[in-house]
Amino acid sequence: MRKIAEKIAVVAQICITMVFAITTTLNLTRVYPQEETIEYNGALASLMFVLFVIYLALSAYILYVNFSEKENLKRVLLFCDSESATTANTKVVRNIINECARQAQGLTVKKIKIRADDKKGFALTLKINVNADNVAQTIDTFRCLLADGFKNTLGISFNAINFEVHRLNTRYEPSLPEAENKAQQLGEQREITDEIYEEPLNNDVDLQCLTDKQDDGEKGNE
């Protein structure tokens, strides 16, 4: 449907361009009599303005279609040969995804996007809500369930399965004392680094370490 609308928009844009070109050529070559041009100037200007607005709208639509993200697919090709092809619609894919989400626990799928990628395959993008403390482990478990479910039921594998966490509910609370202790350690390390960069030639720590290594080497030789 989107491809048909795009073709119609291109044809309409070409027709309007031809009208502009013909009208401009006739005016430049003074084919119209001077009296008729003055008499119908208002109607012609109104028509040109309407066509100009339509032309801008068609141009904006064509730019959006060509530069926007790839359209979502309604069906996924499962397998085909020279005589037939078998596809599955998004409802079938959604049923498998929801079943895997129930097994993974702590996940709710809100939106599904299926798109063709550059590798002549399909990419799956899921917008999800997560209710778990460990988001990475929950999503990894869900992704493994999806890969196994699609492989052993529909016989397909998505080139990429991407996740968009839309909402997160977790009971984890960071420890404030531990965070303050780490912040203090980072501040001390930063002060030491600033002192080294300010006086690189008067660094007693590096000189002392070098002296200790030399003493150890002399004792070894003895």
- [ ] Looking only at non-hydrogen atoms, find the nearest pair between Leu58 and Gln13 and report the distance.
- [x] CD1-N, 3.8 Å
Task: Test item: Asn181 side-chain N/O and Pro177 main-chain N/O as donor-acceptor pair under 3.5 Å - done: no
Task: Test item: Thr108 and Asn131 side chains (from C-beta on) under 4.5 Å apart, heavy atoms - done: no
Task: Check: Cys144 main-chain N/O paired with Asp148 side-chain donor or acceptor under 3.5 Å - done: no
TODO: Apply side-chain contact (heavy atoms from CB on, under 4.5 Å) to Ser157 and list each qualifying residue two or more places apart in sequence or on a separate chain.
DONE: Lys151
Task: Same cluster (ILVMFWY, side-chain, under 4.5 Å), Val50 and Val19 - done: yes
Open item on the list: Tell me whether Gln137 at atom CD has more than 12 heavy atoms from other residues, nucleotides or ligands lying less than 6.0 Å away.
Closed with: no
- [ ] Decide whether Leu77 and Leu154 are clustered together by the hydrophobic rule: side chain heavy atoms of Ile, Leu, Val, Met, Phe, Trp, Tyr closer than 4.5 Å, transitively.
- [x] yes
Open item on the list: Are Arg143 and Asp140 packed together at the side-chain level, in the sense that at least one heavy-atom pair is separated by less than 4.5 angstrom?
Closed with: yes
- [ ] Please test Leu124 against Asn159 for side-chain contact (heavy atoms from CB on, under 4.5 Å), starting from the C-alpha separation and ending with a verdict.
- [x] CA-CA 8 Å; Leu124 178 65; Asn159 291 336; over 6 Å; no
Task: Phe150 and Val93, any side-chain heavy atoms less than 4.5 Å apart - done: yes
- [ ] Determine whether more than 12 heavy atoms belonging to other residues, nucleotides or ligands lie under 6.0 Å from atom CZ of Phe52.
- [x] no
- [ ] Report the C-alpha distance between Leu51 and Tyr55 in whole Å, list the side-chain angles of each, state the deciding distance to 0.1 Å, and finish with yes or no for side-chain contact (heavy atoms from CB on, under 4.5 Å).
- [x] CA-CA 6 Å; Leu51 292 177; Tyr55 183 86; over 6 Å; no
Open item on the list: Nearest 0.5 Å, please: how far is NE2 in His166 from NZ in Lys127?
Closed with: 5.5 Å
Task: Euclidean distance, Glu99 CD relative to Leu145 CG, rounded to 0.5 Å - done: 10.0 Å
TODO: Measure the shortest side-chain to side-chain distance between Ile112 and Thr90 over non-hydrogen atoms and say whether it is less than 4.5 angstrom.
DONE: no
- [ ] Hey, could you give me the CZ/CG distance between Arg102 and Asn98, rounded to the nearest 0.5 Å?
- [x] 6.0 Å
Open item on the list: Please find the pair of heavy atoms, one from Gln105 and one from Thr138, that lie closest to each other, and give the distance.
Closed with: O-CG2, 3.8 Å
TODO: Kindly indicate whether the side chain of Phe79, heavy atoms from C-beta on, has any atom under 4.5 Å from the side chain of Ile156.
DONE: no
Task: Any donor-acceptor N or O pair under 3.5 Å, side chains Glu164, Thr125 - done: no
- [ ] Given side-chain contact (heavy atoms from CB on, under 4.5 Å), test Leu146 with Ile97 step by step and report yes or no.
- [x] CA-CA 7 Å; Leu146 289 175; Ile97 293 173; 3.9 Å; yes
TODO: Would you indicate whether the side-chain heavy atoms of Ile96 and Thr153 approach each other to under 4.5 Å?
DONE: yes
Open item on the list: Ignoring hydrogens, what is the shortest heavy-atom contact between Val130 and Val135? Give both atom names and the distance.
Closed with: CG1-CG2, 4.3 Å
Task: Ile114-Leu78 co-clustered via ILVMFWY side chain contacts under 4.5 Å - done: yes
Task: Shortest non-hydrogen separation from Ala132 to Leu168 and the atoms involved - done: O-CD1, 4.0 Å
TODO: Measure from the side-chain N and O atoms of Asp133 to the backbone N and O of Thr170, and report whether any donor-acceptor pair falls under 3.5 Å.
DONE: no
Task: Within-4.5 Å side-chain heavy-atom neighbours: Asn162 and Leu126 - done: no
Task: Atom pair CD1/OG of Ile54 and Ser59 - distance to nearest 0.5 Å - done: 11.5 Å
Task: Selection residues 98-142 - residue pairs positive for ring pair (Phe, Tyr, Trp, His ring centres under 6.0 Å), sequence neighbours left out - done: Phe142-Phe163
Task: Non-hydrogen side-chain atoms of Asn89 and Val76 separated by less than 4.5 Å - done: no
Task: Within one Ile-Leu-Val-Met-Phe-Trp-Tyr cluster: Met18 and Ile62, side-chain cutoff 4.5 Å - done: yes
